[in-house]
Amino acid sequence: MSNALDVRKVANRYATLLQLCRSRNPTSYPLAQTIHAHMIAFGFRPRGHILNRLIDIYCKSSNITYARHLFDVIPEPDIVARTTLISAYSAAGNLKLAREVFGGTPLSMRDTVFYNAMITGYSHNDDGHAAMELFRDMRREAFRPDNFTFTSVLGALALIADREKQCQQVHGAVLKSGTGFVTSVLNALISVYVKCASSPLESSSSLLGAAKKLFDEMPERDELTWTTIITGYVRNDDLATARGILDGMTEKLEVAWNAMISGYVHRGFIQEALEMFRKMHMMGIRLDEFTYTSVISACANGGLFKHGKQVHAYILRTERKAEPDFSLSVNNALVTLYWKCGKVDEAREIFNTMPVRDFVSWNAILSAYVNVGRIEEAKSFFKEMPERNILSWTVMISGLAQNGFGEEGLKLFNQMRMEGFEPCDYAFAGAITSCAVLGSLEHGRQLHAQLVQLGHDSSLSAGNALITMYARCGIVEASNCVFLTMPYLDSVSWNAMIAALGQHGYGLQAIKLFEEMLKEDLVPDRITFLTVLSACSHAGLVKEGRHYFDSMCGFYGVTPGEDHYARLIDLLGRAGKFSEAKDVLKSLPFEPGVAIWEALLAGCRIHGNMELGVQAAEKLFELMPQHDGTYVLLSNMYATAGRWNDVAKVRKLMRDRGIKKEPGCSWVEVENKVHVFLVDDTVHHEVQAVYNHLEQLVLEMKKLGYIPDTKFVLHDMENEHKESVLSTHSEKLAVVFGLMKLPLGATIRVFKNLRICGDCHNAFKYMSKVVGREIVVRDGKRFHHFRNGECSCGNYW
DNA sequence: GTAGGGTTAG
C-alpha cells in the first residue's frame, strides 16, 4: 500500500518537474529529457499522463521520431499529445502524417485547439483551401472557434486567390463569436484585408479602407498591429500613408522600419531609403540583417557603390560577432551591389569567400554574367551549380534569348521541363523571347497557348515578351491584341508596343501611343525614346523625331546616349537633311562611334551623297576594318550612282582585306527599268538560276494577265556592264515568285530573313502594284508593308 | 497542445 503511495508521490514529482520544464523556454527541454533518462535509470515506468507530456517535450526538441515512438506505445494518447504531434509534423512539412494523426482521433476526443493545430498545419504548408474546408467542418461539428482559430484561418485566406467574400464571412463569424476586440484577431483581419487590397484579382481601395477603419477603431494595439498596417500600405504602394503612420508610432519597431525601407527600395526611392536608415541609426533603433540587406540593395539599385561600401564597412565594424548565416542575406545583397556597379569579378570574389551560400547567391552571380553579356561564363557557371531552382533556369533562358541565342534558349526551356520544373511566367517570357529572336511564329503561338492553359496569361513579363514576339514575326495586329488585353502594363509593355508599331512602319500610330503613355503618367525612359526615334525614322517623320529628341534632353532629363544620336542621324540622313546631320555631329558631347557613322553612311547611300558617305566609310574602316556592312553600303552607294569603277575598287579592297560576303545584288529603278547590279562575287550557276526563276516569273505573270511594264536589267560586274539577264538574287526572287502563287486578295507575309535595301524594296513595291495585294516583308527587326506600289516606310529608296 | 509582421537573386 505504502509502495503504491510512494510511486504516486514520485510520479507527481516527475510530473511537476516536467511541467516546469515545459512552461519555461525551450532551453529547458534537454533537462526534461535528462529527467526522462533518470526515470528509466531508476526503474520508474512512466505512464499515461507523464508519457503524454514527454511527447510534447520530444516534439519541441525536434525529436519527432522518438515522440512518435512514445505515441505508439501509449494505449490511449490524449488530445494534448495528438495536438502537439500534428503541429510537429506540419512544421516539418509532413502533412500526410499530420493528417493521419488527425483522422485517427475520434470526434468525441477532439476540441478547438486540436482543430486549430490542423488548420495551422494546412496554412503553413500553403494549402489555404484545405484549411478553410477544415474550418467549415469544425463549425459544422459545433466546435466553437476561438482567437487562435480566427488568426489561423485568416492567415490561410491570405493564400487563396479569390478570397474577398470569404474574408467577409470570417469577419462576420469573428463578430458573432465575440472575439472582435481581441488584438491578435484584429491584426489578422487587417493583415488579410490589406493583402486582398494589393491582390490584382480583387477590388481595391475599399478593402484598404476597411483595414484602416479596423486599425483606427482598435481598443489596443501591439507591435504586430503597427507592422501589419505599415507593411499593408507599403504593399499597396501607398508609401506616403505608410510613412505617416510610421512617423506617428512611438514604439521603436525595427520590423516596421525595415518594411518601410524595402518599400522605398522597391519603388526606386533610393534617397528616402537611405534617409530612413540614417534616422534609424540616430534614433537608436535596432539595425538587423533585414535592415542591412535592404539598404545595400538600395545602393545597388541606385548605383551608389560608395554608400554601399560604407554600409559594408559599418557592418564589419559593429557586427563582428555575427554568425555566418547572419551574413548570408547581407552577403547576397553585397554580391548584387558589386555586380550592379559594374564589378562582376569582385562580386565573384565575395561569392567565393562566402561561408554559406544559397540559391540567391548562385543566381545572383548567374544574373551578373548574363546581364553583362558574359554568356559563355554564364553557361559554364550554370553547369557548375550544385542545385538549380526555377529562377536559375529562368535567368539562363532569358539570358540566352536576350543575347541572341534563341535556339539554345528554347532547348534549355525544354530541358527545364524535362527535369520536372514547372516553368513560371518569367521562364515562358524567356522562351517567347527566344522565338522572337528566331522569328519562329509557330513555336511562339504554341507557347502562347500553353501560357493561357497554365493560367499565366495575365503575366506582365510574358505579355511583354508576346508583344515583341508577334511584332518580330510580322503580326503586329496580334501584338496590339496582347497589349490591349493585358490587365497590367508597365513602361516595358508600352515600349514594346511602340517599337512594334515603329518596326512595321506605323510611325504616326507609334507616336500616338507614346502620347497616350505620357497621359497615363508613365515616365518615358531611354528605351522609350530609342523606340520613338526609330519609329519616326522608319516612317520618315523628321520634324516629330527632332521634337522628341529635344524634349528627351530638355523636359524628361534623359541624357541621350550614342544610340539616341545614331537614330537621330539615321532620321536626318534618310530624309537627306545632311547639313542638319552635320550640325548634330559637331555638337556631339563625345567622339562619334560605329553606330553613328554607319547611320550616316546609310543615309548617304540612299541620297548619293558621295562626299559625306566616303568620309563616314573611312571612319568606319578605321574603327572596324573587318566589318563587311561598310563595304556593302559603300559599293551600293557607288552602284546607285552608276560609278562602276568605284564599285570595282571597293570589291578589290574587300578581296585584299579578306572580307567575305555572301553574294548579293543591288536594284535601282531608272526610267521604268529595274537595274540589277551584282556587286560581289556571284558564281555563274547562280546567275543561271536567277535567270530561270525570272523566266518562270514572267510566264506566271502573263498567265495571270499581267504584262510586266518594267524591264529588269542585270549588270554582271565580272563581265563589265554586260547586260544579260533580268533578275535579282535567287533567294529574293524566289520569294517574289512565291507571291504570285498565292490567292488574290490575301495579305501576304514573308518571314524570310531578308535584308531590304534599295534593291528588293523597289521590287516589292512593284510587285504589290502588280498583284494588287499587301505584302509584308521582314527585314531583320523591321517590317515593310507594301500596298499598291507604296511602302509604309516612306519614299526613302 | 494552437496564431499573426520585415530581407536578398529575374
Side-chain angles (χ1 to χ4, degrees), chain A residues 22 52-53 55-56 59-60 78-88 90-91 111-121 123-124 146-156 158 182-192 194 222-232 234-235 253-263 265-266 288-298 300 327-337 339-340 358-368 370-371 389-399 402 424-427 429-430 461:
Chain A
R22 287 171 63 227
N52 276 309
R53 296 301 73 80
I55 290 172
D56 184 38
C59 280
K60 301 240 170 70
D78 69 9
I79 193 66
V80 175
R82 289 163 192 271
T83 309
T84 199
L85 198 59
I86 287 175
S87 200
S90 42
D111 62 7
T112 298
V113 181
F114 177 74
Y115 274 95
N116 291 350
M118 194 63 228
I119 290 173
T120 309
S123 172
H124 279 180
D146 64 4
N147 327 344
F148 284 90
T149 322
F150 287 122
T151 46
S152 297
V153 163
L154 291 166
V182 180
T183 309
S184 65
V185 176
L186 285 168
N187 287 345
L189 268 170
I190 292 175
S191 171
V192 80
V194 144
D222 63 7
E223 292 196 341
L224 220 72
T225 319
W226 290 102
T227 317
T228 308
I229 194 80
I230 290 168
T231 54
V234 168
R235 277 201 196 144
L253 259 180
E254 75 270 15
V255 180
W257 282 72
N258 290 344
M260 196 70 231
I261 293 180
S262 86
V265 176
H266 279 289
D288 64 9
E289 189 178 1
F290 293 92
T291 326
Y292 297 135
T293 310
S294 295
V295 169
I296 294 168
S297 158
S327 43
L328 175 61
S329 66
V330 176
N331 275 328
N332 286 339
L334 281 170
V335 168
T336 308
L337 170 76
W339 84 251
K340 282 200 178 163
D358 64 358
F359 280 127
V360 179
S361 339
W362 286 90
N363 291 341
I365 294 289
L366 187 67
S367 318
V370 159
N371 267 286
N389 68 2
I390 186 136
L391 199 82
S392 330
W393 289 93
T394 308
V395 169
M396 196 65 228
I397 291 166
S398 39
Q402 273 155 23
C424 63
D425 58 333
Y426 279 97
S461 55

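Throughout, a chain's letter reflects where its sequence line sits, starting with A, and its residues are numbered from 1. Values reported hereafter were calculated over all heavy atoms of this structure, with side chains retained and with hydrogens, waters and symmetry mates removed.
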Considering every strand and a 4.0 Å limit on heavy-atom distances, what is the contact class for D56(A): base, sugar-phosphate, or nothing? sugar-phosphate
Among dG4(B), dG10(B), dG6(B), the one nearest any side-chain atom of H124(A) is dG4(B)
Find the distance I86(A):CD1 to dT2(B):C1' and express it as a whole number of Å. 10 Å
Output the rounded distance in Å from CH2 (W226(A)) to C1' (dG4(B)). 17 Å
Using a heavy-atom cut-off of under 4.0 Å over every strand shown, decide if D222(A) touches base, sugar-phosphate, or nothing. base
Students often get this wrong, so: under 4.0 angstrom with heavy atoms, is V395(A) touching a base, only sugar-phosphate, or nothing? sugar-phosphate
Can R82(A) and D111(A) be counted as an ion pair, charged N to O under 4.0 angstrom? no
Distance below 4.0 Å between T83(A) side-chain N/O and dT2(B) OP1 or OP2: no
NA contact type, L366(A), heavy-atom cut-off 4.0 Å: base, sugar-phosphate, or nothing? nothing
Test side chain to side chain contact (heavy atoms under 4.5 Å, CB included) applied to V80(A) and R53(A), step by step: CA-CA 8 Å; V80(A) 175; R53(A) 296 301 73 80; 3.3 Å; yes
Please classify the nucleic acid contact of W339(A) as base, sugar-phosphate, or nothing, using heavy-atom distances under 4.0 Å. sugar-phosphate
Looking across every strand, which nucleic acid part, if any, lies under 4.0 Å from S184(A) by heavy atom: base, sugar-phosphate, or nothing? base
Expressed in angstrom and rounded to an integer, what is the separation of N363(A) atom CG from dG10(B) atom C1'? 9 Å
Testing T228(A), T227(A), T225(A) one by one against N187(A) for a side-chain hydrogen bond (donor to acceptor under 3.5 Å, both in side chains), which residue passes? T225(A)
Listed nucleotide nearest any side-chain atom of E223(A), set dG5(B), dG6(B), dG10(B): dG5(B)
Base, sugar-phosphate, or nothing for D111(A), non-hydrogen atoms under 4.0 angstrom? base
With a non-hydrogen cut-off below 4.0 angstrom, is S191(A) in contact with a base, only sugar-phosphate, or nothing? nothing
Given atom CG of D146(A) and atom C1' of dG1(B), what is their separation to the nearest angstrom? 12 Å
When we call it a touch if two heavy atoms are under 4.0 Å apart, what does F150(A) touch: a base, just sugar-phosphate, or nothing? nothing
In whole Å, what is the span from the CG atom of N187(A) to the P atom of dG5(B)? 10 Å
Does Y115(A) reach a base, just sugar-phosphate, or nothing at all? Heavy atoms under 4.0 Å. nothing
State which of dA3(B), dG6(B), dA9(B) makes the closest approach to the side chain of T336(A). dA9(B)
Proximal nucleotide (of dA3(B), dG5(B), dA9(B)) relative to the N389(A) side chain: dA9(B)
Where T83(A) and A117(A) come nearest, the two heavy atoms and their spacing: CG2-CB, 3.6 Å
Give a yes or no on whether a donor-acceptor pair under 3.5 Å exists between the nucleobase atoms of dT7(B), that is its base, and the side chain of S329(A). yes
Do S152(A) and S123(A) have a side chain donor and acceptor closer than 3.5 Å? no
For the residue pair A429(A) and S461(A), what are the closest heavy atoms and their distance? CB-O, 3.7 Å
Atom CE of M118(A) to atom C1' of dG1(B): distance rounded to whole Å? 14 Å
Within the structure shown, what part of the strands sits under 4.0 Å from L253(A) by heavy-atom distance: base, sugar-phosphate, or nothing? base
Quick test of the criterion, 5.5 Å between centres and less than 30° between planes. Is F290(A) stacked on dT7(B) or not? no
Is D358(A) touching bases, backbone alone, or none of the nucleic acid, heavy atoms closer than 4.0 Å? nothing
Measure from the side chain of F359(A), starting at C-beta and using heavy atoms only, and say which of dA9(B), dT2(B), dG6(B) lies closest. dA9(B)
So, is H266(A) near the phosphate of dG6(B), with a side-chain N or O under 4.0 Å from OP1 or OP2? no
Regarding dG1(B), can its base be found pairing with the side chain of D78(A) as donor and acceptor, where the two atoms are less than 3.5 Å apart? no
Side-chain donor/acceptor contact of T227(A) with base of dG5(B) under 3.5 Å: yes
Quickly work out the Y292(A) OH to dG6(B) C1' distance and round it to whole Å. 15 Å
Here the distance between atom C1' of dG6(B) and atom CG of D288(A), to the nearest Å, is 8 Å
Would you check if there is a donor-acceptor pair between the side chains of T293(A) and S329(A) at a distance under 3.5 Å? yes
Using the side-chain heavy atoms of V255(A), tell me which of these nucleotides is nearest: dT8(B), dG10(B), dG6(B). dG6(B)
